Amino acid sequence: MAKTPQDILDLIRKESIELVDLKFVDLPGMWQHLTVHASQIDEGAFVDGLAFDGSSIRGWKSINESDMAMVPDPDTAWIDPFYRDNTLSLVCSIKEPRSGQPYERCPRSLAQKTASYLRETGIADQAFFGPEPEFFIFDDVRYQSAESGCYYKVDSIEGQWNTGREEEGGNLGYKPRYKEGYFPVPPSDTFQDIRSEMLLTMCRLGLSMEKHHHEVATAGQNEINFKFDELLATADNVMIYKYVIRNVARKYGKTVTFMPKPVFNDNGTGMHVHQSLWKDGAPLFFSEAGYANLSQTARWYIGGILKHAPAFLAFTNPSTNSYKRLVPGFEAPVNLVYSQGNRSAAVRIPLTGPDPKAKRLEFRPGDALANPYLAFSAMVLAGLDGIRNQIDPGEGTEIDLFEASAEELSRIPTVPASLNEALEALENDKDFLKQGDVFTDDFIENWIAYKYEEVQQLRQRPHPYEFTMYYDG
């Protein structure tokens with residue numbers, strides 16, 4: 001049941017809360033926060049918001065138009081488990097204090113517009129998302145980039161590269177081999193208790209949790225799953241997920257990264273996203289007679305996803321590092337086809353049995369550096385465009401894509417090979433995002449400019465491996 005502002009005020013009194021932490025998401029997808037005394041929160045704060053200076057937030061306002069307001073959402077209330085003092089957390093959307101309108105560069109406000117537009121189309125009234133973010137836990141990370149040199153170094157007690165290292169108390173082995181980290185029991189899996197604490201902490205914050213396990217790569221690759229929900233709630237839950245995982249890891253003296261490819265020559269980390277549309281409480285993606293029990297609506301949705309994926313990968317795979325994961329050979333979902341079996345297909349149809357409510361598709365290329373509000377919104381808009389224009393995705397692909405011949409693979413389109421290519425695709429294919437004025441020209445142009453700067457920063461720096469290849473040339 002939705003909470004009201006009065007419910008939050010009652011909670012503050014009941015729990016003797018003195019501090020309220022207001023969290024909001026910036027353009028790239030990181031939480032920022034401001035803590036106020038509980039006396040500053042009244043019913044009006046949930047309508048008018050609380051003023052702050054937005055000029056220093058990445059990708060937002062210039063200093064001459066920096067006054068903004070954060071509007072708390074009462075449905076997002078939980079007591080923060082990582083603060084010493086009893087502190088209530090509230091997630092906020094941002095609005096313009098002068099006009100009272102949602103700030104068009106606020107990712108959460110954009111996701112709210114997406115949900116409203118979905119209802120306006122009459123096609124569906126709910127979009128459900130079930131992401132599966134993966135992550136690495138390291139014991140140590142060091143990096144530096146300067147004019148005279150650059151390097152990075154990550155380390156983990158589980159790293160296969162440490163089998164010959166002298167360790168305090170003796171090196172006990174039990175280090176997962178490359179590509180053999182999936183599901184080993186302790187002592188090879190050293191993160192059981194940490195993952196359990198992460199999962200149980202999220203339970204206490206209101207997330208419906210499902211399971212946790214070690215992932216394929218050596219050196220602490222992990223995954224924790226939570227239950228699907230509607231678009232906005234799921235995006236909020238992704239932010240809670242990342243916040244809890246980082247802070248629990250820090251409690252154990254560990255560090256977490258959601259970088260897709262922090263370890264060379266082993267599996268990277270993605271964020272597979274399950275999704276479906278519903279209307280009037282009924283699922284729209286099931287048909288007993290369809291391929292993999294997909295309805296025609298689901299096939300058109302997939303058609304939109306496959307057509308527009310090169311463009312929206314600029315949101316689902318928003319870093320230069322993202323494309324170091326999207327290479328063949330590491331279960332990478334690089335092929336823009338759909339299938340009920342191939343895990344290297346961009347869209348997989350999970351086996352869900354005869355239950356229409358479970359029928360969904362899984363978009364596999366994305367990663368957890370994505371801003372979830374933008375990524376989920378972009379995928380919904382691509383799918384809706386497919387339904388509106390009845391885009392045919394073709395037949396499902398059942399050949400073994402890992403064993404396919406060069407000739408067979410040449411006929412299959414693939415995802416962009418770099419962030420630069422994805423940004424170019426977005427520049428050339430953005431009208432589907434502008435349906436319902438969800439993404440504006442200003443938002444898209446600002447995003448492209450922000451991300452092109454990241455591309456440019458990497459372009460102008462020598463890479464350490466270039467010295468291996470070229471120094472004595």
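Bear in mind that the values here come from a model prediction, so they are computed numbers and not experimental data.
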Task: Beyond-backbone contact of R108 with L232, side-chain heavy atoms, under 4.5 angstrom - done: yes
Open item on the list: Strictly by salt bridge (Lys or Arg N to Asp or Glu O under 4.0 Å), give each pair with a member in residues 297-314 just once, sequence neighbours left out.
Closed with: R299-D392
TODO: Nearest 0.5 Å please: distance from the CG atom of L306 over to the CZ atom of F363.
DONE: 8.0 Å
Open item on the list: If we check ring-ring contact (aromatic ring centres under 6.0 Å, His included) with F439, which of these qualifies: F432, W447, F315?
Closed with: F315
Open item on the list: Using side-chain contact (heavy atoms from CB on, under 4.5 Å), reason through V327 and V334 one step at a time and then give a plain yes or no.
Closed with: CA-CA 7 Å; V327 295; V334 299; 5.8 Å; no
Task: Backbone of S55 reached by a side-chain donor or acceptor of W60 within 3.5 Å - done: no
- [ ] Verify the distance criterion only: is there a donor paired with an acceptor across the side chains of Q101 and E96 at less than 3.5 Å?
- [x] no
Open item on the list: Test your reading of the model: is there a side-chain donor-acceptor pair from T397 to the backbone of S339, 3.5 Å cut-off?
Closed with: no
Open item on the list: Would you say K261 and N321 are linked by a side-chain donor-acceptor pair, where the criterion is simply a distance under 3.5 Å?
Closed with: no
- [ ] Check D429, T414, L336, N428 against P310 for a side chain to side chain contact (heavy atoms under 4.5 Å, CB included) and give me the one that passes.
- [x] L336
Open item on the list: Could you report the tightest heavy-atom contact between A217 and N267, atom names first, then the distance?
Closed with: CB-O, 3.6 Å
Task: F443 and Y103 aromatic centres sub-6.0 Å - done: no
TODO: Apply the test side-chain contact (heavy atoms from CB on, under 4.5 Å) to residues Y241 and F135: give CA-CA distance (whole Å), side-chain angles for both, the deciding distance (0.1 Å), then the verdict.
DONE: CA-CA 11 Å; Y241 178 99; F135 55 96; 3.5 Å; yes
Open item on the list: Whether the D236 and T76 side chains hold a donor-acceptor pair (N or O, under 3.5 Å, no angle test) is what I'd like checked.
Closed with: no
- [ ] Determine yes or no for a side-chain-to-main-chain donor-acceptor pair under 3.5 angstrom, with N293 supplying the side chain and E288 the backbone.
- [x] yes
- [ ] Taking side-chain contact (heavy atoms from CB on, under 4.5 Å) as the test, write out the residues that go with E362, two or more places apart.
- [x] E132, H272, H274, R348, P350, R364
Task: Pairwise side-chain contact, V263 with Q221, heavy-atom cut-off 4.5 Å (strictly under) - done: no
Open item on the list: Are more than 12 heavy atoms, taken from residues, nucleotides or ligands other than K357, located less than 6.0 Å from that residue's NZ atom?
Closed with: no
Task: side chain to side chain donor-acceptor pair (under 3.5 Å) involving R250 - partner list, sequence neighbours excluded - done: none
Task: V438 backbone acceptor or donor facing K113 side chain under 3.5 Å - done: yes
- [ ] Would you check if Q275 and R360 make a side-chain contact, meaning some heavy-atom pair closer than 4.5 Å?
- [x] no
Open item on the list: If you take the centroid of each ring, where Trp contributes its six-membered ring, are F52 and F24 closer together than 6.0 Å?
Closed with: yes
Open item on the list: Here's one to test your reading of the geometry: is the NZ or CZ of K254 within 45 degrees of the ring axis of F138 and under 6.0 Å from its centre?
Closed with: no
- [ ] Taking all heavy atoms of P372 and all of A235, pick out the closest pair and write down the distance.
- [x] CG-O, 3.7 Å
Open item on the list: Do L426 and E424 make a side-chain contact, defined as non-hydrogen atoms from C-beta onward lying under 4.5 Å apart?
Closed with: no
Task: Under 3.5 Å side-chain donor-acceptor pair for Y117 and D437 - done: no
Open item on the list: With side chain to side chain contact (heavy atoms under 4.5 Å, CB included) as the test, pick out the partner of I79 among L205, D21, L88.
Closed with: L88
Task: Min side-chain heavy-atom separation V25-M30 under 4.5 Å - done: no
- [ ] May I ask you to decide if F129's main-chain N or O and D229's side chain share a donor-acceptor pair within less than 3.5 Å?
- [x] no
Task: Side chains of S89 and K23, donor plus acceptor under 3.5 Å - done: yes
Open item on the list: Taking A346's backbone N and O only, do any of them form a donor-acceptor pair with N335's side chain (distance below 3.5 Å, no angle check)?
Closed with: no
- [ ] Identify the heavy atoms of V20 and I41 that sit nearest to each other, and give their distance.
- [x] CG2-CG1, 3.9 Å
Task: Pair T440-K434, side-chain contact (heavy atoms from CB on, under 4.5 Å): steps then yes or no - done: CA-CA 6 Å; T440 63; K434 294 159 63 176; over 6 Å; no
TODO: Establish, yes or no, whether a centroid distance under 6.0 Å links the rings of Y243 and F82.
DONE: yes
TODO: Report yes or no: does E454 contribute a side-chain atom to a donor-acceptor pair with the main-chain N or O of K451 at less than 3.5 Å?
DONE: no
Open item on the list: Are W278 and F285 an aromatic pair, judged by ring center distance below 6.0 Å?
Closed with: no
TODO: Would you kindly say whether N222 and E215 are connected by a side-chain donor-acceptor distance under 3.5 Å?
DONE: no
Open item on the list: Can you confirm whether Y450 sits close enough to P28 that some side-chain heavy atom of one is under 4.5 Å from a side-chain heavy atom of the other?
Closed with: yes
- [ ] Search all heavy atoms of P262 against all heavy atoms of V154 and return the closest pair with its distance.
- [x] O-CG2, 4.2 Å
TODO: Mind listing the closest non-hydrogen atom pair of A292 and Q340 along with its distance?
DONE: CB-OE1, 3.6 Å
Open item on the list: Can a side-chain donor-acceptor contact be found between S93 and Q112 if the only test is distance below 3.5 angstrom?
Closed with: yes
Open item on the list: Could you tell me if the side chain of H212 sits less than 4.5 Å from the side chain of F226, heavy atoms only?
Closed with: no
Open item on the list: Working note: L433 + D385, criterion side-chain contact (heavy atoms from CB on, under 4.5 Å); need CA distance, chi angles, decisive distance, verdict.
Closed with: CA-CA 9 Å; L433 295 169; D385 189 65; over 6 Å; no
TODO: Determine, for R58 against D26, whether the closest basic-nitrogen to carboxylate-oxygen distance falls under 4.0 angstrom.
DONE: yes
- [ ] Would you please say whether a donor-acceptor pair under 3.5 Å links the side chains of Y452 and E427?
- [x] yes
TODO: Using modelled atom types only, decide if a donor and an acceptor are shared between the side chain of Y338 and the backbone of G394 within a distance under 3.5 Å.
DONE: yes
TODO: Verify the neighbour count for atom CD of E395: are there more than 12 heavy atoms of other residues, nucleotides or ligands below 6.0 Å?
DONE: no
Task: Check: V91 and D73 side chains under 4.5 Å, non-hydrogen atoms - done: no
Open item on the list: Between K242 and A368 (side chain of the first, backbone of the second, donor and acceptor by atom type, cut-off under 3.5 Å), is there such a pair?
Closed with: yes
Open item on the list: Under 3.5 Å, is there a donor on one side chain and an acceptor on the other for T269 and R325?
Closed with: no
Task: Test item: side-chain donor near acceptor, S287 and S295, under 3.5 Å - done: no
Open item on the list: Aromatic contact between W78 and Y83, with the criterion being ring centroids under 6.0 Å apart: yes or no?
Closed with: no
TODO: Examine distances only and state if a side-chain atom of R105 and a backbone atom of L27 form a donor-acceptor pair shorter than 3.5 Å.
DONE: no
